[in-house]
Amino acid sequence: MATKTEGSTFIDNLGKIYGYYTGGFLGFTILLAILEQLGVPNKVIGYAFVFLTIGVYALIGWLSRTAQLSEYYVAGRRVPAFYNGMATGADWMSAASFISMAGGLYLQGYDGLAYVLGWTGGYVLVASLFAPYLRKFGQFTVPDFLGVRYEGNLARVCGVIVLFSASFTYIVAQTFGIGIIASRFLGISFEIAVFVGLVGILVCSMLGGMRAVTWTQVAQYIILIIAYLTPIVWLSTKKYGIPIPELTYGQALQDIAALESKLGIVKGHVAAFADAKGQFSWDRFVNYFALILCLMVGTASLPHILMRYFTTPSVREARQSVGWSIFFIFLLYFTAPAYAAFAKLEVYSNVIGQPIAQLPAWVQNWSQVGGMLTINDANKDGILQLAELRIHQDIIVLSTPEIAGLPYVISGLVAAGGLAAALSTADGLLLAIANALSHDIYYKMIDRTASTTKRLVVARALLVIVAICGAAVASTRPSGIIQMVAWAFSLAAAGLFVPVVMGIWWKRTTTTAAIIGMMAGFVICLYYLIMTRYFPEAFEAMWGAKLWFGIQNISAAIFGLPVGFALTWILSYYTKAPSDEMQAFVDSIRRPKGAIAWTKAAEVHE
Amino acid sequence: MSKDKMDAYWSETQRLMFIIMALWVFFSFVVHMFALQLNNIVILGFPLGFYMAAQGSLIAFVVLCFWNASAQNKIDEKYGVAED
């Protein structure tokens, strides 16, 4: 049992290992800061951050390579709650959280907070409704659960379809984010940058599956949180003398309000549900809450997140792990509004009103990253007015250190953090897709006699194919990061939430009802999304309006969810009640102790 | 485990779930419906409506998740269904 002892020593020493790792990373950052002062060019610093961090992830991935099934799919089920929380944090916080969210807040003010709320509150649903029960069920994937609870391959396939649609949309967004960072900091074109990022994603996840991804994600969390907090703590100290931005940005909000009235902006940063004229808008109000609901329910339905709770040693640790997950996520999320406020303050006070010819180098640098920043001197007075500056939300976080005149090493650090966020999520997503295809489709449905080696080869091959497709789609720039990610959430929410939650909490839910409800909800959501995004004329001709009830398509699940619930509920009454055997199965996943009462339909379970 | 005991265990678990869900609804939706009114109250430079959406509710969510874990553990232990 040499491997087992080796494994437990590793788990026992996690604190020490990641302590050294964090120290090493800080030392590396300080070293680069010194080198910058000594005159090492910015380009070298950018390269160092990008390649060194990817190298470290690749090394961890390589060290954690494995050919054992339970290690590959669920990291051997011995990841302690605390570290699983950290890994979930990195898995969760993607390019959308790191790169775009503060940018969205910058542009939308209060209304952007729907993302902050939606992407945190969902964990309450995960904690209370899902995580402990899925952990007790204890298989490899979410479609696994559907296949057993709803007795058969039809439910399993439906689960895989929803999982694939949501996760793939999500991967495209991550690859897009990696493209922006690599393009800016390596000085290469966006289309090539996307494929450079792809290599980074693959080395982390291909060799060691869930085990490699888990330990890389912990490492990535540490970098992303340091990278996010550093510039903003710096700005807070520089501006108000207190290194706690979460406290001082109240002052920044006041300063912004003063500048807003000076610049003649009618829609204030903190004004809730306001339209462009600063008046209360019912439309904004409705969309705000619809988005929150979709993001929260989507959180609880995303397979790559739920999958993380299969890896804890026990049900109890799964519950605690949700607490740690949201705690680690919270550290970034409650700083994001401060980030947005400080960025806005810098732009309003130091950039607007400057002679355009004298604007610093960052303007030039960011203008070269595909239309992300444009300055158009409309009135030809040579002075930059607010309306003449267009800055895309996806570059606010990355460019703020430069805008605020911090040393370039901070920009490099933020780039490394953004990369960590995008890579870790992309890894988790790729793994969720590859696992579902190799385990649920290939092994469970196509070849039940496939050897372990063969199953892992299939998983890895699928991983590469999906990753390449994702990068190919991303290089066509389908939309902004945050929109693509929100679509992924809506798709997952509309398709997976109802069958999972009702499968656990309502024994009467029947197979037929669940499958019909699930697909109806998913199809309505998908229909609304595709029609309003790609065929708005046809949609308007058919329904007499551009949107249903004015709801934006990023909240498309708002239509799929109630339909899914209602159909599942009503049809369950009209179909034959689940067998006693099934009821016993549901009972057994509800209590933490004891074995699972498998049904005949579940057949083999390793 | 007897059926009665299992039912009692599950109804207590359900009650905890409903309490958590009620608090979740309050901090996710109800409080923010009054954002306009709350914004008239300003503390340390923060309009209260803005603060609740940017930080207040988030703190509540973190507390809810940890509280849920410990309350459910107590129920598990009370009914002897906690893992060994």
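Chain letters run A, B, ... following the sequence lines, proteins first and then strands; every chain starts at 1.
- Contact record, Phe273(A) with Ala35(B): CE1-CB, 4.0 Å, taken as the closest heavy-atom pair.
- Residue-environment remark: CZ (Phe34(B)) stays at or below the threshold of 12 foreign heavy atoms within 6.0 Å.
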Practice item. Kindly indicate, with the supporting measurements, whether the criterion side chain to side chain contact (heavy atoms under 4.5 Å, CB included) is fulfilled by Tyr110(A) and His32(B). Key: CA-CA 11 Å; Tyr110(A) 178 90; His32(B) 308 298; 3.9 Å; yes
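- Of the inter-residue distances, the one linking Met33(B) atom CE with Phe289(A) atom CZ reads 5.0 Å to the nearest 0.5 angstrom.
- His269(A) and Phe50(B) get closest at one heavy-atom pair: O-CE1, 4.1 Å.
- Side chains of Tyr123(A) and Leu64(B) form no contact here, defined as non-hydrogen atoms less than 4.5 Å apart.
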Check your understanding: When you look at Arg316(A) and Glu77(B), which way does the salt bridge (Lys or Arg N to Asp or Glu O under 4.0 Å) test go after all the steps?
Key -> CA-CA 11 Å; Arg316(A) 175 196 291 250; Glu77(B) 276 158 21; 2.8 Å; yes
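- Among all heavy-atom pairs drawn from Val116(A) and Ala53(B), the shortest one is CG1-O, 4.1 Å.
- Residue Leu293(A) touches chain B through both its backbone and its side chain, counting heavy-atom pairs closer than 4.5 Å.
- The environment of CG in Leu44(B) is sparse: at most 12 heavy-atom neighbours from other residues, nucleotides or ligands sit within 6.0 Å.
- Across every non-hydrogen atom of Phe61(B) and Met296(A), the tightest pair is CZ-CE, 3.8 Å.
- Asn73(B) CG to Gln320(A) CD: the interatomic distance, rounded to the nearest 0.5 Å, is 6.5 Å.
- Chain B forms more heavy-atom pairs under 4.5 Å with one residue of Val322(A), Leu129(A), Thr248(A), Ile329(A) than with any other, namely Leu129(A).
- Between atom OG1 of residue Thr120(A) and atom CD of residue Gln55(B) there is a gap of 12.0 Å, rounded to the nearest 0.5 Å.
- Proximity to chain B is limited to the side chain of Leu253(A), based on heavy atoms less than 4.5 angstrom apart.
- Contact count versus chain B (heavy atoms, under 4.5 Å) is highest, among Gly594(A), Ala127(A), Gly121(A), Gly118(A), for Gly121(A).
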Review point. Would Val270(A) and Phe46(B) satisfy side chain to side chain contact (heavy atoms under 4.5 Å, CB included), going step by step from the backbone distance to the final call?
Key: CA-CA 9 Å; Val270(A) 299; Phe46(B) 291 100; over 6 Å; no
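- Both the backbone and the side chain of Asp587(A) come within less than 4.5 Å of a heavy atom in chain B.
- Using a 4.5 Å cut-off between heavy atoms, Ile59(B) contacts chain A through both its backbone and its side chain.
- In this structure, chain B has heavy atoms under 4.5 Å from both the backbone and the side chain of Pro592(A).
- The closest donor-acceptor contact from the side chain of Glu83(B) to the backbone of Ser314(A) lies at 3.5 Å or more, if one exists at all.
- Rounding to the nearest 0.5 Å places OG1 of Thr13(B) at 6.5 Å from CH2 of Trp505(A).
- Residue Val63(B) does not touch chain A at all, counting heavy-atom pairs closer than 4.5 Å.
- Most heavy-atom pairs under 4.5 Å with chain A, from the set Ala82(B), Ser70(B), Ala60(B), Ser57(B): that is Ala82(B).
- Checking side-chain atoms of Asn68(B) against main-chain N and O of Val124(A) turns up no donor-acceptor pair under 3.5 Å.
- Heavy-atom contacts from other residues, nucleotides or ligands closer than 6.0 Å to CZ of Arg508(A) number more than 12.
- Contacts of Tyr249(A) with chain B are made by both backbone and side-chain atoms, with heavy-atom separations under 4.5 Å.
- Of the listed residues Tyr51(B), Phe29(B), Phe27(B), the one with more heavy-atom pairs under 4.5 angstrom with chain A than any other is Phe29(B).
- In terms of non-hydrogen atom pairs under 4.5 Å with chain B, the most contact-rich of Ala338(A), Ala318(A), Ala131(A), Gly323(A) is Gly323(A).
- When all heavy atoms of Ile504(A) and Trp10(B) are compared, the closest pair comes out as O-CZ2, 4.5 Å.
- Heavy atoms only, all atoms of each residue included: Arg319(A) and Asp76(B) are closest at NH2-OD2, 3.0 Å.
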